[in-house]
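Scroll down for the structure; my scribbles are underneath it.
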Protein chains: 2
Amino acid sequence: MQKAAIERNNETIAAQLTPVGRETVQDRVYSELRRALIGGLFEPSQVLTIRGLADALVTSTMPVREALGRLITEKALEALPNRSVRVPPITLERIDDLLRARSLIEGEAIALAATRMGPRQIATIEAMLGEWDEMRALKHKKDIDREATLNQSFHFEIYRCCGSAVLIPMIESLWLQSGPCIRVAIYAFSEAGEVDTAHYHRRIVAALARQDAQGAREALVADISRPFAFLRDKLQSAAAKG
Amino acid sequence: MQKAAIERNNETIAAQLTPVGRETVQDRVYSELRRALIGGLFEPSQVLTIRGLADALVTSTMPVREALGRLITEKALEALPNRSVRVPPITLERIDDLLRARSLIEGEAIALAATRMGPRQIATIEAMLGEWDEMRALKHKKDIDREATLNQSFHFEIYRCCGSAVLIPMIESLWLQSGPCIRVAIYAFSEAGEVDTAHYHRRIVAALARQDAQGAREALVADISRPFAFLRDKLQSAAAKG
DNA sequence: ATTTTTGATTTGTGATCACACTTGCGTTGA
DNA sequence: TCAACGCAAGTGTGATCACAAATCAAAAAT
């Protein structure tokens with residue numbers, strides 16, 4: 001009985017191989033739609049059809065309809081009484097509502113993270129700061145997508161440190177809901193002279209580095225408030241006109 | 001052209017008829033599973049199968065699998081790597097995590113509601129208080145289900161007044177997640193000499209009646225903390241033994 | 001006696017089909 | 001000219017089937 005030897009051999013193999021994983025089609029569809037939603041690829045009020053998405057994603061309707069159902073329950077999409085689904089329209093109340101919820105929950109998450117982040121984690125997000133500057137220096141025009149992705153990574157790298165398995169999915173849901181709104185604001189931002197986002201991120205990192213929970217919370221709220229405030233003004237002036 | 005007359009006739013009919021609604025099977029399955037989860041009919045760590053539930057609910061697998069998918073995304077259920085689904089197990093960290101999130105979000109919701117509830121709404125929840133006392137007086141033994149239902153109605157009647165379409169679904173998700181845990185505590189409660197829940201509810205109503213947002217928040221946190229604290233102790237002593 | 005292997009059953013996933021409802025457009029009627 | 005009707009294309013929902021992976025139990029091997 002070479003049980004120990006076999007065991008040891010298996011462990012050696014396991015150490016060299018990387019798990020292949022078994023992602024379902026539905027998972028891929030869901031992830032793809034999430035990415036599109038957070039990235040603002042869909043416009044508010046846009047109607048989505050199961051067969052249309054299935055064609056676009058080159059699958060059958062089955063994975064798509066389940067993914068849509070999931071997105072509807074987290075309020076990333078909206079089920080109309082006609083049984084068609086659309087991305088929720090932007091309203092003034094919704095903007096304020098989303099900002100309030102995000103300030104509350106993401107504020108709490110970063111406050112928790114402030115007391116739990118070690119030098120290792122601080123270094124990670126500082127590196128992202130550098131990456132950000134670098135990207136800005138090159139000043140590529142179409143990097144608005146990369147900017148959004150980096151911004152997302154920066155925030156969630158912090159939130160992950162809050163140590164709450166309950167808060168993080170809620171934050172993801174909030175990003176999903178505010179994605180289509182935010183993107184509208186971001187586009188407008190880059191046209192109207194742009195503010196330095198990196199400045200806000202630096203304030204956040206500074207507060208986290210000195211473990212200042214309250215300071216981090218305030219810096220974060222300032223950061224996420226900007227696009228919402230911008231969007232709010234835009235909507236109000238549009239309402240005044242029309 | 002009797003257009004006006006026809007219009008009037010149609011309105012008369014519409015006033016007498018009640019909309020029939022068009023609830024799908026999937027919606028019914030979803031609601032039923034939600035009810036079971038919040039009510040704690042499923043035990044933590046219990047594994048659920050699609051075909052098993054479909055048989056129990058007397059439908060095909062299709063509506064069930066979509067409902068399960070939705071419940072998984074809101075963390076009411078958990079997808080194992082084996083692709084089977086179970087109700088999440090209770091751990092100490094999870095209990096603390098859930099209590100913190102609920103205090104934060106439901107606390108905010110009740111604080112908002114405190115400034116928005118009119119005499120009409122106050123009267124409604126006061127009536128529920130009376131209903132509660134009445135039920136207690138009869139002292140039916142098996143009314144633990146009704147108690148839970150009434151408790152739920154009481155809380156959500158308040159939350160509905162916070163005027164946030166974003167916070168309420170999150171609170172529902174939190175109840176869904178803590179349902180299985182809470183029920184364990186409630187059962188233990190009713191065996192170990194029970195505390196007067198109505199007392200806590202009265203404190204909440206009193207604070208709301210005088211529009212005391214901070215007082216209402218504190219009273220609410222005290223209310224929802226009890227079962228969690230109880231469960232926490234129970235789990236710790238069990239861990240000390242085992 | 002313990003472990004491994006083999007085979008049968010169960011389970012989740014995806015595809016396809018049938019049906020009912022909605023929508024859009026062209027025709028018919030006043 | 002315009003509203004009402006009717007037909008056709010499109011869409012969501014539910015049922016059923018095929019298949020692969022997991023689970024479990026009995027049999028075989030060590």
Side-chain angles (χ1 to χ4, degrees), chain A residues 1-11 13 19-33 42 45-73 76-88, chain B residues 1-11 13 19-33 42 45-73 76-88:
Chain A
M1 171 76 62
Q2 315 166 338
K3 186 177 164 187
I6 293 174
E7 186 73 17
R8 193 145 16 88
N9 182 31
N10 284 345
E11 279 177 15
I13 294 176
V20 63
R22 230 161 35 85
E23 205 183 23
T24 64
V25 178
Q26 178 190 158
D27 289 335
R28 276 200 292 278
V29 171
Y30 178 68
S31 301
E32 186 62 16
L33 291 181
F42 297 138
S45 298
Q46 183 178 354
V47 175
L48 304 178
T49 66
I50 293 180
R51 285 174 172 92
L53 290 173
D55 287 349
L57 297 168
V58 196
T59 43
S60 74
T61 63
M62 184 64 58
V64 174
R65 58 198 269 194
E66 305 200 345
L68 285 187
R70 290 168 68 179
L71 290 168
I72 289 170
T73 67
L77 295 176
E78 192 180 40
L80 272 53
N82 327 339
R83 302 221 161 145
S84 57
V85 350
R86 69 171 176 186
V87 11
Chain B
M1 173 73 65
Q2 315 165 341
K3 189 177 163 188
I6 293 173
E7 187 73 15
R8 193 145 17 87
N9 183 32
N10 284 345
E11 280 176 16
I13 294 175
V20 63
R22 231 158 37 87
E23 204 183 25
T24 65
V25 178
Q26 180 190 155
D27 289 335
R28 277 199 292 277
V29 171
Y30 178 69
S31 300
E32 186 62 17
L33 291 180
F42 298 137
S45 298
Q46 182 177 355
V47 174
L48 304 178
T49 67
I50 293 180
R51 286 174 172 90
L53 289 174
D55 288 349
L57 297 169
V58 195
T59 44
S60 75
T61 63
M62 184 63 60
V64 175
R65 60 198 269 193
E66 305 202 344
L68 285 186
R70 292 168 67 179
L71 290 167
I72 288 170
T73 67
L77 295 175
E78 192 180 38
L80 272 54
N82 327 338
R83 303 218 163 147
S84 58
V85 348
R86 69 171 176 186
V87 10

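Both backbone and side-chain heavy atoms feed into the values below; hydrogens, waters and symmetry mates do not. These numbers were taken from a predicted model, which means no experiment stands behind them. In what follows, chains carry the letters A, B, and so on, assigned in the order in which the sequence lines appear, proteins first and then strands, with residues in each chain numbered from 1.
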So which protein N/O to nucleotides 11-14 of chain D N/O distances come out below 3.5 Å?
residue	atom	partner	partner atom	Å
D/dG12	OP1	A/I50	N	3.3
D/dG12	OP2	A/I50	N	3.2
D/dG12	N7	A/R51	NH1	2.9
D/dG14	OP1	B/V25	N	2.5
D/dG14	OP1	B/Q26	N	3.3
D/dG14	N7	A/R65	NH1	3.4
D/dG14	N7	A/R65	NH2	2.7
D/dG14	O6	A/R65	NH1	3.3

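- A salt bridge is defined here as a Lys NZ or Arg NE, NH1 or NH2 lying under 4.0 Å from an Asp or Glu carboxylate O, and A/R70 with A/D27 meets this definition.
- When the P atom of C/dG12 is taken as reference, atom CD of B/E78 falls 15 Å away, rounded to whole Å.
- Five base pairs at each end of the helix from C/dA1-D/dT30 to C/dA30-D/dT1 define two local axes, and these are offset by 0° (rounded to 10°).
- For the pair A/V64 and A/I50, the tightest heavy-atom approach, listed with the atom from each and the gap, is CG1-O, 3.8 Å.
- Atom CZ in B/R22 sits about 7 Å away from atom P in C/dC21, given to the nearest Å.
- When all heavy atoms are compared, the tightest approach of B/S60 to B/A54 is O-CB, 3.5 Å.
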### Query
Run the side chain to side chain contact (heavy atoms under 4.5 Å, CB included) check on A/T24 and B/R83 step by step: do they pass?
CA-CA 10 Å; A/T24 64; B/R83 303 218 163 147; 3.1 Å; yes
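- Residues A/Q46 and A/L48 are in side-chain contact: their nearest non-hydrogen atoms beyond the backbone lie under 4.5 Å apart.
- By the side-chain hydrogen bond (donor to acceptor under 3.5 Å, both in side chains) test, A/S31 pairs with no residue at all, sequence neighbours left out.
- Going from atom CG of B/L53 over to atom P of C/dT11 covers 11 Å, rounded to whole Å.
- A distance of 10.5 Å separates CD in B/E32 from CG in B/L53, rounded to the nearest 0.5 Å.
- For the residue pair B/A76 and B/P88, the shortest heavy atom distance occurs at O-CD, 3.3 Å.
- Counting to the nearest Å, the P atom of C/dT22 and the CZ atom of A/R86 are 17 Å from each other.
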